[in-house]
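Only one structure is covered here, and it is reproduced in the block below.
Just so you know, ligand 1 is whichever comes first in the structure, and atom 1 is the first atom listed for that ligand.
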Amino acid sequence: MLSEIDARNIERTIRKLVSFGTRNTLSAQDNPTRGIGAARDWLFAEFQRIAAQAGGRMSVEKQSYLQEAMPPPQGRVPEPTIITNVVATLRGTQPASADRLYVVSGHYDSMCTSPTDAVCDAPGANDDASGTAAVLEMARVMSRQKFDATVIFMAVAGEEQSLLGSTHFAELAKQKGWNIAAMFTNDIVGNTLGGNGVRDRRTVRVFSEGVPSNETEEEARTRRSVGGENDSASRQLARFIKEVGAAYMPGFKVMMVYRRDRYLRGGDHIPFLERGFPAVRFTGPNEEYRHQHQNVRVEGGIQYGDLPEFVDFGYVAQVARINAAALSSLALAPAAPKGVHILTRRLTNDTDLQWTANAEPDLAGYEIVWRETTSPVWTGARRVGNVTTYTMAGMSKDNYFFGVRAVDRDGNRSPVTYPKPLR
Ligand SMILES: [Zn+2]
């Protein structure tokens, strides 16, 4: 699959999206050549073309709702506006896993200097035609394969209006009780030259929060008592992506950043985090502010604006490959174990772990992983068989962090679940 991901397709998508002039969420929805409506219809047709080759396993929908006005200066929606996400769902083929969902998104809306200027040219080649093109190319390649769990490829709108499309999807998922086991957003994944003059084609940043955005007061008390500020489900997801990246793309670096997003900034993963779904943001290694949220212009001999000439299409393909490797690994693997606990009934220098049995028919068993408390990644792993309790003899829960992951008969591993204490 990784070799099938083609930078030429990504370039074609980015140039096509730029050709609509602007994709501002407030721009025309009924003009066939200019504005967000033209981009929406083109993306819908592209996903449908992919779905037609997927043997009936992929469905595509325009998911629309009417956003009420949120007037400036606080809001960025002067008039009630229809927001449309384009959503392509590749259904999982294992009945025990098909309800487990993995979502990968980019936002197809764009902006120039003013978020409410619906008329200016807003090419948005990097922000975020790059992420949208990566998602479309992943859908093309992955739709030819079968996965146990379901993968949702999504292009959302209203990101620049304050994460509106992604918030709508995440809220719907929460209301309907969908089991979103992970969400990736790809946003600004195209520039390899930063405003700092550094050219880096071999690194992608993966932002993950340490403390869950939806943590309850009770969970916070437990965390203060046993640690775990570096062990949210989203952080485990980032570690999973780093491990998969090292296995499949050893020359490409997943740089984990221990933050929800860039300093004081946001993205489409946040509405998912706020509703309790594990999520991370992929973004390029260095920011280039002259080409983000800028009217296209030359000033003092400097070209401003988010133009395709500043996008490295080969790099976007690399980011798409890392995404596809991680998503495929997740969707082939069992679910992360549930009900994982460290038992604290007896005072002991051992660590007693217990968890709930997984439901997948091809489950082989479990692995206990551990690390010293100052290590960013898991450093040890032990196969313990198809059991639901295990004692790590001679390893104290005071001195190590532990986790449990599930493994299937093909060797596919789930992300790690970090345990809670159980008296
Ligand atoms: Zn963006």
Query raised in the report: Is a donor on one side and an acceptor on the other found under 3.5 Å between the side chain of S225 and the backbone of R221?
Result: no
Report summary line: the Zn ion (ligand 1) has as its nearest N, O or S atom from D127 the atom OD1
Report task. May I ask you to check if any N/O/S atom from D128 comes under 2.8 Å of the Zn ion (ligand 1)? Result -> no
Query raised in the report: Under 6.0 Å between ring centres, would you say that holds for F401 and W370?
Result: no
Query raised in the report: Taking 2.8 Å as the cut-off, does an N/O/S atom of D187 lie below it from the Zn ion (ligand 1)?
Result: yes
Requested in this report: Check whether the ring centres of W378 and Y400 lie less than 6.0 Å apart, and answer yes or no.
Outcome: no
Query raised in the report: Is the F47-F153 ring centre distance short of 6.0 angstrom?
Result: no
